[in-house]
Amino acid sequence: MKYQNKISLLFTLILIGLISTGNLFSQMRNITGYELVDDMKIGWNLGNSFDSLGGDETAWGNPVTTKAIIDMIASKGFKTVRIPVSWGEHVGPGPSYTIDPQRLSRVKTVVDYCMANSMYAIVNMHHENEWLVPTYAKEAESTKELLAIWKQIAEYFRNYDDYLLFETMNEPRVEGSAMEWNGGTEENRDVINHFNQVALDTIRSTGGNNSKRWVLITPHAATSMDIVIRNLAIPNDPYILVSQHTYYPYFFCLDTGGTAAWGTEKDKIDMDLELDRVADFWKAKGIPVVVGEWASIEKNNTAARVAHAEYYAGGLRNRGMLGIWWDNGWTGDGGLAILDRKTLTWHRPEIADALIKGVNQPQSSPFPGYDCSALPEWSASTVYSAAGAQVRYNGKMYENRWYTSGENPEENSGSNEVWIYIGPCAGGLTPDTPSPTPVPDITPTPVDRIMGDVDRSGAVNVVDSLLIAQYYVNQIPAVFYPEAADVNCDNSINIVDALLVAQYYVSLISKFPC
């Protein structure tokens, strides 16, 4: 009678779960940041929609975001959608800075579209530089609004599971300043560290699932410059990811007057070296990286963009990083769209397919290093007046773009800086030496499967039973691994599997039929 009562209770819970809109299925998994990033696979940005200024999500020419748009992204093989959101124009005055409820509701609708497709969603703060100013003079005022907005967002989404992530800011910087795109000042970087900590503390303070929600923090302007990443303060928190934007190489990816060609062995070597630089730095700190924005603009060069997209996507995944393509919806010259949201057709299906192929068959070019034996060591007292001067510094090879003197190559290298990082010094190869044939690297090992553990929590319990029942009636859970659900091996997932899991949970059975 005792066991029968337990089964009756569990069956009642299953029925309640099937019609409930509560939090029975909002579980937080016990996984590492690297496992999370690996599962997020490849992403797509809903750019120039909720981040548009001067009106609603259609202000910059994109249509209202529909479930059909997100369904197309999911069906292509993308696992993550980043939802950039500008909140500042949709809040009331201080000190409450109340967010327009319709704004929150619309963002929630799109998040739910992602959840319905078992996709990850990233919600951030975007284009807030008018009021979020990283200077000591503006810090106190900016912090008040930052805290108020994040408190409301976090409370609103508190019960969502870990398929929803938060990103504290997007490209924080002082607009129009001399150092806006060149690493910022020490003051700018320091205040950005404060902003990241305040946003994180506010999110954590709202409790619920937010106590373990993964949060992305970003450095100055989200760049990967050495001086920027070295000065990003990492909060003492186990659920942190770093967000960076890496349009590499800049002259191919974003410069309308730059090159339209990409794909030589030298191009691949350079990309590998750049990705190694970023990945190695953060791996040493144990922090997974999300490249929240990258893409290449339209220059009537689809073949080169396809080669770049596949190689870059695979290179990120090889190194345990996540890439999210920036799609701004613009399909003309200089555009970054691969999906035409107005016609619901793939504008550049070749690039979309290349992204998916890249993460499923990741490759990179092994490269032992350059022969720097004949190069001079960089000297602070030397004037490098002509572009193209090559030097050694800390075991690395650099080349200057223009006149320079006294500018340390390690601290002044990047896509828009005087020094270009060529690569490590070793191996005796010259910069023009072709790389060996690309070989696949090993991607992170997936979480082990336990039969009946359909949410991969590490244990079989009543939640798994409820999730199977929900799946059976076509209410697809946000987190569900069907390969663990067919516990009687009859090649179907149904209510029998849910009841068997319930019986296992209360020890009526000690193992499943298969």
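For clarity, every value in this text was computed on a predicted model and none was experimentally measured. What you see below is based on every heavy atom in this structure, not just the backbone, and it leaves out hydrogens, waters and symmetry mates.
Taking the six-membered ring where the residue is Trp, the centroids of Y248 and Y312 are separated by 6.0 Å or more. Taking the ring centroids of W326 and H126, they lie under the 6.0 Å cut-off.
W294 and H308 have tilted rings, their planes meeting at an angle from 30° to 60° on a 0 to 90° scale. Using cut-offs of 30° and 60° for the angle between ring planes, the F166 and W150 rings count as tilted.
Judged purely by atom type and a 3.5 angstrom limit, N494 uses its side chain to pair as donor or acceptor with the backbone of V496. In this structure a side-chain-to-backbone donor-acceptor pair under 3.5 Å is present from D464 to V454.
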Distance-only check: which donor-acceptor pairs under 3.5 Å involve side-chain atoms of residues 91-101, not counting sequence neighbours?
{"residue": "S96", "atom": "OG", "partner": "T98", "partner atom": "OG1", "Å": "3.3"}
{"residue": "D100", "atom": "OD1", "partner": "Q102", "partner atom": "N", "Å": "3.0"}

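Using a cutoff of 4.0 Å between basic side-chain nitrogens and carboxylate oxygens, R29 and D161 are not scored as salt-bridged.
Residues passing the side chain to side chain donor-acceptor pair (under 3.5 Å) test with N30, sequence neighbours excluded: none.
Between the side chains of T206 and E155, no donor-acceptor pair of N or O atoms lies under 3.5 Å. In the model, R341 has a side-chain atom that pairs as donor or acceptor with a side-chain atom of S49 under 3.5 Å. Checking D112 against Y160 by side-chain atom types alone, a donor-acceptor pair falls below 3.5 Å.
Applying the ring-ring contact (aromatic ring centres under 6.0 Å, His included) test to residues at least two apart or on different chains, the pairs with a partner in residues 195-226 are W214-Y239.
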